[in-house]
Chemist: 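One structure coming up, written as structure tokens, with questions to follow.
We number each residue from 1, following the sequence as shown. Only a predicted model underlies this, so the values are computations on that prediction, with no experimental measurement involved.
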Amino acid sequence: MKNLITAFFMAWGNFLSLPCPYKHWDSKLKNQMLAFLPGVGAVAGALWVALGALLLWLGIPGLLTTVAMTFYIYIICGFLHLDGFMDVNDAVMSRRPLEDRQRILKDSTVGAFAVISVVFLVLAAFSAMYSFLSQVPEIPRLLPLFVIPVASRAVSGACVLGFEPMGTSQYKEDHREPRGRFIAALAVCGAVLLGLAVAVAAVWTAGDPKDGVFSVLATALVTMAGTFLACLHGRRQLDGMNGDIAGYSICVGELCGMIALALMMFWS
């Protein structure tokens, strides 16, 4: 039990910018830490819903609410995943040989491709969030936001655990340890949290409960698909998996989830 608590708060301290209630590091638990990524996503998602509910309840103007809601998902992780997104795009979009792409990935300087890609990412996220919030008549309709960081982190964590790491990855040594049970634990954690969101949606969502459940499930599935495809793309282009690719895939997956949610609200 102590290892479980330690691993969860290791994930909290590593992947959230919130103050960590329990600061303890055990390098032997790094794989177990990754299994708690959906739990970290649940903390981020719950606060995202709470922030949206507060801003809507206070009647904050739409554009200011959109800025806060868009900015939140990046600042809650200390811009860690956004950094990976920029690094991967800098490397992949250089279209250079593999050795050069891997070198660019680890280069601390910021290239033009990183800047261009992050501008379009934030612009797309802002547009999707504004489109979504402009269609939300009731606070319970914010619930699908909860599953976006859960789904993206579940898939990216599974990819880090399951795919062969790059030679320079911080997870290379841990990859030698059997990881099947950690992938299974991650899947159970993600499924439980998704099931909880579906149950809450069925009871809490205003209007037709089926519409709320559908929004939660569809948003989660689109987020998962976007995250997984981004992981495959980054792994193929850079010949292995690492933390930067995981961050890149989380940003792409969350954008896919936000766009899907905006479109569903528009079509409904």
Side-chain angles (χ1 to χ4, degrees), residues 15-16 34 37-38 40-41 44-45 48 66 69-95 101-102 104-105 110-132 144-163 165-166 169 171 186 190 194 217-264:
F15 303 114
L16 290 177
L34 292 173
L37 274 174
V40 169
W48 205 6
T66 302
M69 292 292 284
T70 304
F71 184 66
Y72 164 83
I73 198 59
Y74 301 119
I75 197 174
I76 191 63
C77 57
F79 302 104
L80 177 66
H81 306 312
L82 199 60
D83 177 68
F85 175 85
M86 295 174 70
D87 287 341
V88 170
N89 276 296
D90 226 6
V92 172
M93 295 176 70
S94 70
R95 298 176 179 84
R101 294 199 298 271
Q102 291 180 338
I104 293 171
L105 183 69
V110 178
F113 293 121
V115 175
I116 293 167
S117 62
V118 78
V119 167
F120 277 100
L121 174 75
V122 175
L123 180 61
F126 178 88
S127 301
M129 184 60 67
Y130 182 77
S131 299
F132 166 62
L145 290 174
F146 170 80
V147 301
I148 292 178
V150 172
S152 63
R153 283 155 180 77
V155 173
S156 67
C159 288
V160 172
L161 287 168
F163 290 150
M166 294 174 59
S169 173
Y171 299 109
L186 185 150
L194 179 57
L217 288 175
T219 301
L221 290 174
V222 170
T223 302
M224 292 171 69
T227 305
F228 184 64
L229 290 174
C231 273
L232 290 181
H233 176 65
R235 173 174 172 258
R236 179 174 176 272
Q237 290 292 324
L238 295 164
D239 194 32
M241 191 70 192
N242 76 345
D244 284 329
I245 297 172
Y248 163 78
S249 66
I250 285 173
C251 289
V252 173
E254 288 175 345
L255 175 61
C256 291
M258 284 187 273
I259 291 173
L261 191 51
L263 291 174
M264 282 187 291

Chemist: Compare all side-chain heavy atoms of V92 with those of H233 and state whether any distance is below 4.5 angstrom.
Modeler: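 Counting from C-beta outward, V92 and H233 do come under 4.5 Å.
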
Chemist: So, the side chain of W48 versus the backbone of M69: is there a donor-acceptor pair under 3.5 Å, distance only?
Modeler: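 Checking the backbone N and O of M69 against the side chain of W48, a donor-acceptor pair under 3.5 Å is found.
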
Chemist: Show your working on side chain to side chain contact (heavy atoms under 4.5 Å, CB included) between L82 and L121 and close with a plain yes or no.
Modeler: CA-CA 9 Å; L82 199 60; L121 174 75; 3.4 Å; yes

Chemist: Side chains of M93 and I116, heavy atoms from C-beta outward: is any pair under 4.5 Å?
Modeler: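 The answer is no; the side chains never approach within 4.5 Å.
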
Chemist: When rounded to the nearest 0.5 angstrom, what distance separates CG in L221 from SG in C256?
Modeler: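 Going from CG on L221 over to SG on C256, the span is 12.5 Å.
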
Chemist: Among pairs that include at least one residue of residues 144-163, which meet side-chain hydrogen bond (donor to acceptor under 3.5 Å, both in side chains), considering only residues two or more places apart or in two chains?
Modeler: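 Residue pairs passing side-chain hydrogen bond (donor to acceptor under 3.5 Å, both in side chains), neighbours aside: S152-E254, R153-E254.
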
Chemist: Identify the two heavy atoms, one from Q102 and one from L238, that lie closest to each other, and give their separation to 0.1 Å.
Modeler: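 Looks like NE2-O, 3.0 Å.
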
Chemist: Which heavy atom of I73 sits nearest a heavy atom of C77, and at what distance?
Modeler: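 In terms of heavy atoms, the two residues are closest at O-SG, 3.9 Å.
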
Chemist: Working to the nearest 0.5 Å, report the span between CG of L16 and CG of L80.
Modeler: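 L16 CG to L80 CG: 10.0 Å, rounded to 0.5 Å.
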
Chemist: Could you tell me which non-hydrogen atom of T227 sits nearest to which non-hydrogen atom of T223, and how far apart they are?
Modeler: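 That closest heavy-atom pairing would be OG1-O, 2.7 Å.
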
Chemist: Should Y248 and D244 count as side-chain neighbours, where that means a heavy-atom distance under 4.5 Å?
Modeler: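 No; the side chains remain at least 4.5 Å from each other.
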
Chemist: Return the minimal non-hydrogen interatomic distance between D90 and G111, and the atom names on each side.
Modeler: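 For D90 versus G111, the nearest heavy atoms are OD2-N, 2.8 Å.
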
Chemist: If I take atom OG1 from residue T70 and atom CD1 from residue I75, how far apart are they, to the nearest 0.5 angstrom?
Modeler: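 One finds 13.0 Å between OG1 of T70 and CD1 of I75.
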
Chemist: Take the angle between the ring planes of F15 and H81 and call it parallel below 30°, perpendicular above 60°, tilted in between.
Modeler: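 Geometry flag for H81 against F15: parallel rings.
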
Chemist: State the CG-CD distance between L232 and Q237, to the nearest 0.5 angstrom.
Modeler: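 It comes to 11.5 Å.
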
Chemist: In Å, rounded to the nearest 0.5 Å, how long is the span from CG of N242 to CG of D87?
Modeler: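 CG of D87 is found 9.0 Å from CG of N242.
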
Chemist: Can you see which heavy atom on V122 is nearest to which on Y74, and at what distance?
Modeler: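 That closest heavy-atom pairing would be CG2-CE1, 4.5 Å.
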
Chemist: Going through the checks in order, is the ring pair (Phe, Tyr, Trp, His ring centres under 6.0 Å) test met by F79 and F71?
Modeler: CA-CA 10 Å; F79 302 104; F71 184 66; 5.8 Å; yes

Chemist: Indicate the atoms forming the closest heavy-atom contact of F132 with A262, along with that distance.
Modeler: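 For F132 and A262, the tightest heavy-atom pair comes out as N-CB, 3.9 Å.
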
Chemist: When you compare the side chain of N89 with that of V118, does any pair of heavy atoms fall below 4.5 Å?
Modeler: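 No. Closest side-chain heavy atoms not under 4.5 Å.
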
Chemist: Nearest 0.5 angstrom please: L34 CG to C159 SG, how far?
Modeler: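 Answer for the CG-SG pair, L34 versus C159, is 11.5 Å.
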
Chemist: Is there a side-chain contact between L194 and V150 in this structure, where contact means two heavy atoms from C-beta onward sitting under 4.5 Å apart?
Modeler: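 No; the side chains remain at least 4.5 Å from each other.
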
